[in-house]
Chemist: 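Please read through the structure below; I'll follow up with questions.
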Amino acid sequence: MTVRTRFAPSPTGYLHLGGLRTALYTYLYARKNGGKFILRIEDTDQEREVPGAVEKIYNSMRLAGLEYDEGPDVGGDYGPYIQSQRKDTYLPFAMQLVESGAAYPCFCSKEELDERRAAATADGGQWKYDKHCLSIPKEEALRRMQNGEPFVIRQNIPTTGTASFEDALYGHVEAPCDTLDDNVLIKQDGLPTYNFANVIDDHLMGITHVMRGTEYLSSTPKYNLLYEALGWTPPTYIHMSPVMKDSTRKLSKRHGDPGFEDLLAQGYVKDAIINFIALLGWCPDVKKYGEKEFFTMDELIEAFDLNGLSKSPAIFNTEKLNWFNHEYIMKMDFEDYLAMATPWFDKALAGKNIDYRRLAELMHTRTEIFGNVPEQVKFLAELPEYDIDIYTHKKMKTNPEVSLKALQLARPAIAAIENFTEDNVKEVLMNLAAANDMKTGQMMWPVRIAISGLASTPGGATEIAYLIGKEECLRRIDLGIEKLS
RNA sequence: GGCUCCUUGGUCAAGUGGUUAAGACACCGCCCUUUCACGGCGGCUACAGGGGUUCGAAUCCCCUAGGAGUCACCA
């Protein structure tokens, strides 16, 4: 049997990281098993739908490298892949259930239900639909439906016994039927609820493995009741733990947590995000992969297996993502790095005459997130305000007096350099230090401070001197001398 | 609150009755060094608690605690 998996988001916004991970695992499982990966849009709640969200989903999937074999915008033999376009396929199945007694029409209005629910809940009690409309004779119910009376169709959950399912990760999960509610299957607007649509579509689309978040763990026993009533074989279920912001809160865009595309915009590289997110809640077989932690998409496909999935929630740890990003950037080909860094350099240095190639060489191992690059290099465009305290460095054996002396010596020496290269600047300053009985650091540190205004910089005094050029260098040293005098 | 599920260091996690309880991130220290970064070396910190079962329990069972999910004409 060919494996068929599906990612089924609802178009309510951009792809968040929990969704991305679910999509990734679902994709990996299909690819690993030579199966098909399907994208289905679950838009049965027209009120929640956000315009443009569907396109965002397509785009994010592409950016993430999660190519689907079937989907709304790529076609396939099981379409349409947008649930609102399948509206007419659900009711017949619901009526089949009504016929067999596994479901029944309900005419209670929303207002009536709200009242009854409020009354039942008022004293802290529980509320479950009271099967009020189950007692309506079937003929009468059908007549009322035909007469155009508004109705919904509810699942008729048995009042005794248990409902259960087998999960590939969590094992046997069962719930007492009397704790389960008679959920609405078909809404008044004729569209199905998730509770019904997922069962119908997964079956009709031949989905063999349903991979989704644990939020569905407790309602899945009910879905199995539906499969049973329809005479269908349930798929293999694989529920996956959520990605958390901290130990008690789920990662969510409502709390301002970044989505996949936000991360991209902040200067994270796609492969680092995928690599990191893959390892959040899943671990490759140590026997096969040892301590390996860098995986390309192809390697993830090769390594992915259900055994490595974790049952408990994982906290999204930005520190580790940053580390992955930094590693990926350092591994990047230099030309690629230069190309990617250039727009970020421009944000701080546009219009300045700076050697980007040389700057990129210096920045390559120092870039953790591209978004931080402008801040890291903007001192080249403009000398920041700084406190003379930073001239003092214990290990370099510098203080304001030593620094002033160093700058006063360096000023004319630098001014005299004809060919202003890093090597020449370095040679001149080193010789100058030696000739005046100073340690190298006692010369280099003050010069670097004076020309950068920062305690730490990408590159040392000579690199910075070269980047900003001789004139700017002299100007900044003069300012330093002034400050220290 | 009912139901379902989860629980190894600050974080990600390996581990499926016998291990000195891996590794990674972060943090700290040392080395390298004109700062930072890179790189190298080292260190810190964990089986939620309590009962069993067993010669032996992170691993099996029970209880407690904590956390999560769910209880919609949302998905």
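Quantities reported herein were computed from a predicted structural model and do not represent experimental measurements. Values below: all heavy atoms of this structure, side chains included; hydrogens, waters and symmetry mates excluded.
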Chemist: Looking at S312(A), I'd like to know whether one of its side-chain N or O atoms comes within less than 4.0 Å of OP1 or OP2 on rC5(B).
Modeler: no
Chemist: Give P176(A) one of three labels, base, sugar-phosphate or nothing, depending on what nucleic acid heavy atoms sit under 4.0 Å from its own.
Modeler: sugar-phosphate
Chemist: Is T214(A) side chain donor-acceptor paired with the rU70(B) base, going by distance under 3.5 Å alone?
Modeler: no
Chemist: Ignoring the backbone of M444(A), work out which of rC6(B), rA26(B), rU34(B) is nearest its side chain.
Modeler: rU34(B)
Chemist: If I pick the P atom on rG18(B) and the same atom on rG29(B), what distance separates them, to the nearest angstrom?
Modeler: 39 Å
Chemist: For R154(A) and D182(A), indicate whether the former's side chain and the latter's backbone hold a donor-acceptor pair under 3.5 Å.
Modeler: yes
Chemist: Grab the CD-P distance between E49(A) and rC73(B) for me, whole Å please.
Modeler: 20 Å
Chemist: In whole Å, what is the span from the CG atom of N198(A) to the C1' atom of rC74(B)?
Modeler: 13 Å
Chemist: So K395(A), base contact, sugar-phosphate only, or nothing? Heavy-atom distance under 4.0 Å.
Modeler: base
Chemist: For T179(A), which contact category applies under a 4.0 Å heavy-atom criterion: base, sugar-phosphate, or nothing?
Modeler: sugar-phosphate
Chemist: C1' atom, rG15(B) versus rC47(B): distance in rounded Å?
Modeler: 10 Å
Chemist: Report which part of the nucleic acid V173(A) touches: base, sugar-phosphate, or nothing (heavy-atom distance under 4.0 Å, all strands).
Modeler: sugar-phosphate
Chemist: With a 3.5 Å distance limit and no angle check, can you tell me whether H239(A) reaches the backbone of A168(A) through a side-chain donor-acceptor pair?
Modeler: no
Chemist: When you measure from the side chain of Q442(A) to the backbone N and O of K397(A), does any donor-acceptor pair fall under 3.5 Å?
Modeler: yes
Chemist: With P as the reference atom in both, quote the distance from rA48(B) to rC38(B) in angstrom, rounded to an integer.
Modeler: 34 Å
Chemist: For a quick check, tell me whether the side chain of R448(A) and the base of rU34(B) share a donor-acceptor pair closer than 3.5 Å.
Modeler: no
Chemist: Should the pair K245(A)-D257(A) be classified as a salt bridge under the 4.0 Å nitrogen-to-oxygen rule?
Modeler: yes
Chemist: Is the backbone of T159(A) close enough, under 3.5 Å, to the side chain of D178(A) for a donor and an acceptor to pair up by distance?
Modeler: no
Chemist: Please classify the nucleic acid contact of Q188(A) as base, sugar-phosphate, or nothing, using heavy-atom distances under 4.0 Å.
Modeler: base
Chemist: Is G459(A) touching bases, backbone alone, or none of the nucleic acid, heavy atoms closer than 4.0 Å?
Modeler: base
Chemist: When the C1' atoms of rU59(B) and rC44(B) are considered, how many whole Å apart are they?
Modeler: 26 Å
Chemist: Write down the distance separating the P atoms in rU53(B) and rA58(B), rounded off to the nearest Å.
Modeler: 16 Å
Chemist: Please work out if E368(A) contacts a base, only the sugar-phosphate, or nothing of the nucleic acid, heavy-atom cut-off 4.0 Å.
Modeler: nothing
Chemist: Quote, to the nearest angstrom, the C1' distance that separates rU45(B) from rA13(B).
Modeler: 15 Å
Chemist: Hey, does the side chain of S109(A) reach the backbone of E112(A) with a donor-acceptor pair shorter than 3.5 angstrom?
Modeler: yes
Chemist: Is there a donor-acceptor contact under 3.5 Å from the side chain of E427(A) to the main chain of N424(A)?
Modeler: no
Chemist: Contact class for S219(A) vs. all strands (heavy atom < 4.0 Å): base, sugar-phosphate, or nothing?
Modeler: nothing
Chemist: So do W282(A) and S310(A) actually touch side chain to side chain, heavy atoms under 4.5 Å?
Modeler: no
Chemist: Within less than 4.0 Å of OP1 or OP2 of rA75(B), is there a side-chain N or O belonging to K187(A)?
Modeler: yes
Chemist: What distance, rounded to whole Å, do you find between the two P atoms, one in rC5(B) and one in rU64(B)?
Modeler: 15 Å
Chemist: How would you label the contact of C177(A) with the nucleic acid (heavy atoms, under 4.0 Å): base, sugar-phosphate, or nothing?
Modeler: nothing
Chemist: Name all stems that contain residues of RNA chain B, defined as runs of 3 or more consecutive Watson-Crick or G-U wobble pairs, both distances under 3.5 Å.
Modeler: B:1-7 with B:65-71, B:10-12 with B:23-25, B:27-31 with B:39-43, B:48-52 with B:60-64
Chemist: Show each protein N/O and nucleotides 37-42 of chain B N/O combination with a separation under 3.5 Å, one pair to a line.
Modeler:
unit_1  : atom_1 : unit_2  : atom_2 : d
rA37(B) : O2'    : T365(A) : O      : 2.6

Chemist: Over all strands shown, is K110(A) touching base, sugar-phosphate only, or nothing at heavy-atom distances under 4.0 angstrom?
Modeler: base
Chemist: Does the distance from a Lys or Arg side-chain N to an Asp or Glu carboxylate O, for D246(A) and R249(A), drop under 4.0 Å?
Modeler: yes
Chemist: M363(A) CE to rC36(B) P: how many Å, rounded?
Modeler: 16 Å
Chemist: Let me know, please, whether L279(A) or Y170(A) comes out on the 5' side of the other along RNA chain B by nearest nucleotide.
Modeler: Y170(A)
Chemist: What contact category does S241(A) fall into here, base, sugar-phosphate, or nothing, at under 4.0 angstrom with non-hydrogen atoms?
Modeler: nothing
Chemist: Between K292(A) (NZ) and rA24(B) (P), how many Å, whole number?
Modeler: 16 Å
Chemist: Among F316(A), Y328(A), W323(A), which one satisfies ring-ring contact (aromatic ring centres under 6.0 Å, His included) with F276(A)?
Modeler: F316(A)
Chemist: If the P atom of rU16(B) is compared with that of rU35(B), how far apart are they to the nearest Å?
Modeler: 47 Å
Chemist: Confirm from the modelled atom types if Q126(A) and rG1(B) form a donor-acceptor pair under 3.5 Å, side chain to base only.
Modeler: yes
Chemist: Could you pick out which residue, W282(A) or K320(A), lies toward the 5' side of RNA chain B when each is mapped onto its nearest nucleotide?
Modeler: W282(A)
Chemist: Nearest 0.5 Å please: distance from the CZ atom of F294(A) over to the CG atom of L300(A).
Modeler: 12.5 Å
Chemist: Has the side chain of Y466(A) got a donor or acceptor atom that lies under 3.5 Å from a matching backbone atom of A461(A)?
Modeler: no
Chemist: Of the listed nucleotides (rA26(B), rG23(B), rC12(B)), which one gets closest to any side-chain atom of A314(A)?
Modeler: rC12(B)
Chemist: Remember a base hit wins even if backbone is also touched, and classify S109(A) as base, sugar-phosphate or nothing at under 4.0 Å, heavy atoms.
Modeler: base
